[in-house]
Amino acid sequence: MWLDLLRTQVASRGLSTVARELDYSKSAISLVLNGKYNCSTAAIERAVLKAFGSTHCPFEGRELSPAECRYWSTCGRPTTSEWALDHWKACQSCQLNPTAQGANRV
């Protein structure tokens, strides 16, 4: 499952982008994808699932895709609805938001 997720991300977003987000070198990710990585892939598997797997949103109480979570953590202050503003505010201090001050990457 995680390897398919990694392949999909690399195919759609590029090796450099994905490697940077995972904090691994392009060569390490390439070796994993080609089945030639000589070390344990457990740490890379955890990084892939953490970065690209679904995330439970405490505000919405449901699973969000990485793209949805990234949207709320990086979008500007919403002016379209009170709900959107409340969601944005909650996201700005969420422990899952890597851009929030004092947040812990989970």
Side-chain angles (χ1 to χ4, degrees):
M1 176 190 139
W2 72 271
L3 196 51
D4 292 333
L5 190 55
L6 179 60
R7 282 190 182 104
T8 301
Q9 290 293 318
V10 169
S12 67
R13 300 173 57 232
L15 180 63
S16 295
T17 301
V18 171
R20 185 174 39 255
E21 286 183 16
L22 295 176
D23 202 24
Y24 279 89
S25 68
K26 292 187 303 186
S27 58
I29 300 303
S30 179
L31 289 169
V32 168
L33 291 172
N34 290 305
K36 297 181 180 182
Y37 194 70
N38 291 328
C39 301
S40 169
T41 59
I44 295 176
E45 177 180 355
R46 284 191 302 273
V48 167
L49 291 174
K50 179 180 169 184
F52 308 122
S54 64
T55 301
H56 181 77
C57 176
F59 178 81
E60 289 197 38
R62 68 175 181 96
E63 297 297 309
L64 296 182
S65 71
E68 289 174 297
C69 187
R70 190 171 22 258
Y71 168 79
W72 287 109
S73 67
T74 60
C75 73
R77 185 181 186 96
T79 58
T80 56
S81 73
E82 188 173 325
W83 180 89
L85 180 60
D86 289 345
H87 190 168
W88 179 82
K89 285 178 181 177
C91 186
Q92 300 313 297
S93 60
C94 179
Q95 291 289 325
L96 301 175
N97 180 350
T99 63
Q101 286 188 349
N104 297 320
R105 286 193 134 165
V106 178

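These numbers come from the heavy atoms of this one structure, side chains and all, not from hydrogens, waters or symmetry mates. These numbers come from a predicted model, not from an experiment. Count residues from 1 along the sequence.
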Q: If you compare all heavy atoms of K26 against all heavy atoms of S16, which two are closest, and at what distance to 0.1 Å?
A: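 That closest heavy-atom pairing would be CD-OG, 3.0 Å.
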Q: Taking all non-hydrogen atoms of both residues, which atom of W2 and which atom of V48 are closest, and how far apart?
A: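 Closest heavy-atom pair between W2 and V48: O-CG1, 3.5 Å.
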Q: Would you indicate whether the side-chain heavy atoms of W88 and C75 approach each other to under 4.5 Å?
A: yes
Q: Tell me, do F52 and T8 make a side-chain contact under 4.5 Å, heavy atoms counted?
A: no
Q: Give, for atom CD of E45 and atom NZ of K50, the distance between the pair rounded to the nearest 0.5 Å.
A: 14.5 Å
Q: So L3 and T41, do their side chains get closer than 4.5 Å, heavy atoms only?
A: no
Q: How many angstroms lie between CG in L85 and NE2 in H87, if you round to the nearest 0.5 Å?
A: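 Spacing of CG (L85) from NE2 (H87) equals 11.5 Å.
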Q: Given side chain to side chain contact (heavy atoms under 4.5 Å, CB included), test C57 with E68 step by step and report yes or no.
A: CA-CA 10 Å; C57 176; E68 289 174 297; over 6 Å; no
Q: Can you see which heavy atom on L5 is nearest to which on G53, and at what distance?
A: CD2-N, 3.9 Å
Q: Give a yes or no on this: more than 12 heavy atoms of other residues, nucleotides or ligands lie within 6.0 Å of atom CG of N34.
A: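 More than 12 within 6.0 Å, yes.
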Q: What's the separation between atom CG in L31 and atom CG in N38, rounded to the nearest 0.5 Å?
A: 7.5 Å
Q: Quick one: does P78's side chain get under 4.5 Å of W72's, heavy atoms only?
A: yes
Q: Kindly say whether A84 contributes a backbone atom to a donor-acceptor pair with the side chain of S81 at under 3.5 angstrom?
A: yes
Q: Could you walk me through whether Y24 and V32 pass the side chain to side chain contact (heavy atoms under 4.5 Å, CB included) test, one step at a time?
A: CA-CA 11 Å; Y24 279 89; V32 168; over 6 Å; no
Q: Could you pull out the closest heavy-atom pair between H56 and G61, with the gap in Å?
A: CE1-C, 3.5 Å
Q: For the atom pair CG (L33) and CG (L6), what is the distance rounded to the nearest 0.5 Å?
A: 4.5 Å
Q: With the side chain counted from C-beta on, respond yes when D86 and F59 share a heavy-atom pair under 4.5 Å apart, and no when they do not.
A: yes
Q: Which heavy-atom pair separates V18 from R13 by the least distance, and what is that distance?
A: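 Closest pair (atom of V18, atom of R13, distance): CG2-NH1, 4.2 Å.
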Q: Nearest heavy-atom pair of A51 and L22: which atoms, and what distance?
A: CB-CD2, 3.7 Å
